[in-house]
Structure formats: C-alpha cells, structure tokens
Amino acid sequence: MEKLAVIAASPLFEMLSPVELDRLAELARTRQCAPGEVIFAEGDLGDSLFVVVEGQVEVVREGADGAPQALAVLSHPEFFGEMGLIDKDYRSATVRARTQAHLLQLTSSDLRVFRQHHAEGFTFVVVNIARSLAARLREANARLSGNH
C-alpha cells in the first residue's frame, strides 16, 4: 500500500487537503518490524508517531507483578505514539509487533516542517490527536467504573 493511501485512510489525518496529505506522505518513512520486535519501550522519550499499514502491534505495560499486560492490539488504519509528540514526555507503554508489521513513522521534526507550510493542516492533526486521546480517556474511565 502506498504511503499516501495509508495517510489518507488514517483518522489521524481527517480533514486535511490533498496537498497536505501529499506532504505528510513525503515526510513519512516506512518501517518493517518482525513479530515480537519492540517499536518503542515504556520509559523511552517519545519523538515519533506511527500509523499501522499492515499487520498488528500490541500495546503492553508492566503490571504490578512485573509481568507485561496487554492493553490493546492495533491494526490498519490505527495509529500510536502520538502522546509523546503532545507532552514530550516518556512513553507510557511498550509497543511491539504482534505479527510482521509495516508502519509509517512521522517524527516531531517532520511535524515541525509540516507546520511551517501547512499551519491549518497541522491544527487539524492536533485536533484529531486530541479526539483520539479523549476517546481513550473515556474508554479508560468506563472500564474503571465498570461501565464497559
């Protein structure tokens, strides 16, 4: 699948113009991951977001007993790693390839370049990240309150 088609299908890039989508496709780099390969580890400094092109990745966190606990399994067109771009903090979980996985990666540097020429599109990306984080927070709140 070509980069532009993946980016255009991702909810992260909803509302962007064709020119903006083209530019993000130019900036994105591809990454192939073998099953079990760690894409980033809990505690790493966050500087990239990833869009799943093919395959599956799993989000895991170390439990109280030290054993990894699966939090989510993601596949196309889902994305991950965006929190690190917003708060410039350490990764809150580990993400590893569950199967052979093909990803697109955009770094904070890529997004700064994008923002310089496409301020409105950049705003839409930030709004889409905020929507995603809000949905995840609502889901976590529902789980904690037993209303899932």
Checklist entry - Got a second to check how far Gln32's CD is from Gln100's CD, nearest 0.5 Å? => result 6.0 Å

Checklist outcome for this item: Nearest heavy-atom contact between Arg91 and Leu45 is NE-O, 4.3 Å

Item to check | All side chain to side chain donor-acceptor pair (under 3.5 Å) counterparts of Glu26, not counting sequence neighbours | outcome: Arg23

Item to check | Straight-line distance of Glu82 CD to Leu133 CG, nearest 0.5 Å | outcome: 5.0 Å

Checklist entry - Linking I/L/V/M/F/W/Y whenever their side-chain heavy atoms sit closer than 4.5 Å, directly or via other members, would Met83 and Val73 fall into one cluster? => result no

Item to check | Asp22 side-chain N/O to Val19 backbone N/O, donor-acceptor pair under 3.5 Å | outcome: no

Item to check | Hydrophobic cluster of Leu74, others only, ordered by chain and residue number, side-chain cut-off 4.5 Å | outcome: Ile39, Phe40, Phe50, Val52, Val57, Val59, Leu71, Phe80, Val95, Leu103

Next on the checklist: Could you measure the distance from the OG atom of Ser17 to the NE2 atom of His118? Nearest 0.5 Å is fine.
Outcome noted: 7.0 Å

Next on the checklist: Would you say Val38 ends up clustered with Val51 if hydrophobic residues are merged whenever their side chains have heavy atoms under 4.5 Å apart, either directly or through other cluster members?
Outcome noted: no

Checklist outcome for this item: The reported gap from CZ in Arg96 to CD in Glu58 (rounded to nearest 0.5 angstrom) is 4.5 Å

Checklist entry - Looking only at heavy atoms, what is the nearest atom pair of Leu16 and Leu21, with distance? => result CB-CD2, 3.8 Å

Item to check | Exam field: side chain Glu20 to backbone Gly121, donor-acceptor pair closer than 3.5 Å | outcome: yes

Next on the checklist: Using every non-hydrogen atom in the two residues, find where Gly63 and Gln69 come nearest and quote the distance to one decimal.
Outcome noted: CA-OE1, 3.6 Å

Item to check | Rounded distance [0.5 Å steps], CZ in Phe79 versus CG in Leu49 | outcome: 8.0 Å

Checklist entry - For the residue pair Ala9 and Pro77, what are the closest heavy atoms and their distance? => result O-CB, 3.6 Å

Item to check | Full working for side chain to side chain contact (heavy atoms under 4.5 Å, CB included) between Leu111 and Phe122 | outcome: CA-CA 8 Å; Leu111 291 174; Phe122 179 80; 4.2 Å; yes

Next on the checklist: Quick check on the hydrophobic clustering: are Val60 and Tyr90 connected, directly or via other members, by side-chain heavy-atom contacts under 4.5 Å?
Outcome noted: no

Checklist entry - With a 4.5 Å limit on heavy-atom distance, are the side chains of Leu104 and Ile7 in contact? => result yes

Next on the checklist: Using a 3.5 Å distance criterion without hydrogens, assess whether the side chain of Thr99 forms a donor-acceptor pair with backbone atoms of Gln56.
Outcome noted: yes

Checklist entry - Please walk me through it: do Val125 and Arg115 pass side chain to side chain contact (heavy atoms under 4.5 Å, CB included)? => result CA-CA 10 Å; Val125 172; Arg115 184 185 69 214; over 6 Å; no

Checklist entry - Taking atom CG of Asp47 and atom CG of Leu106, what is their separation to the nearest 0.5 Å? => result 11.5 Å

Item to check | Partners passing side chain to side chain donor-acceptor pair (under 3.5 Å) against Arg31 (at least two apart in sequence or in another chain) | outcome: none

Next on the checklist: Looking at Ser10 and Val6, would you say the former's side chain and the latter's main chain have a donor-acceptor pair under 3.5 Å?
Outcome noted: no

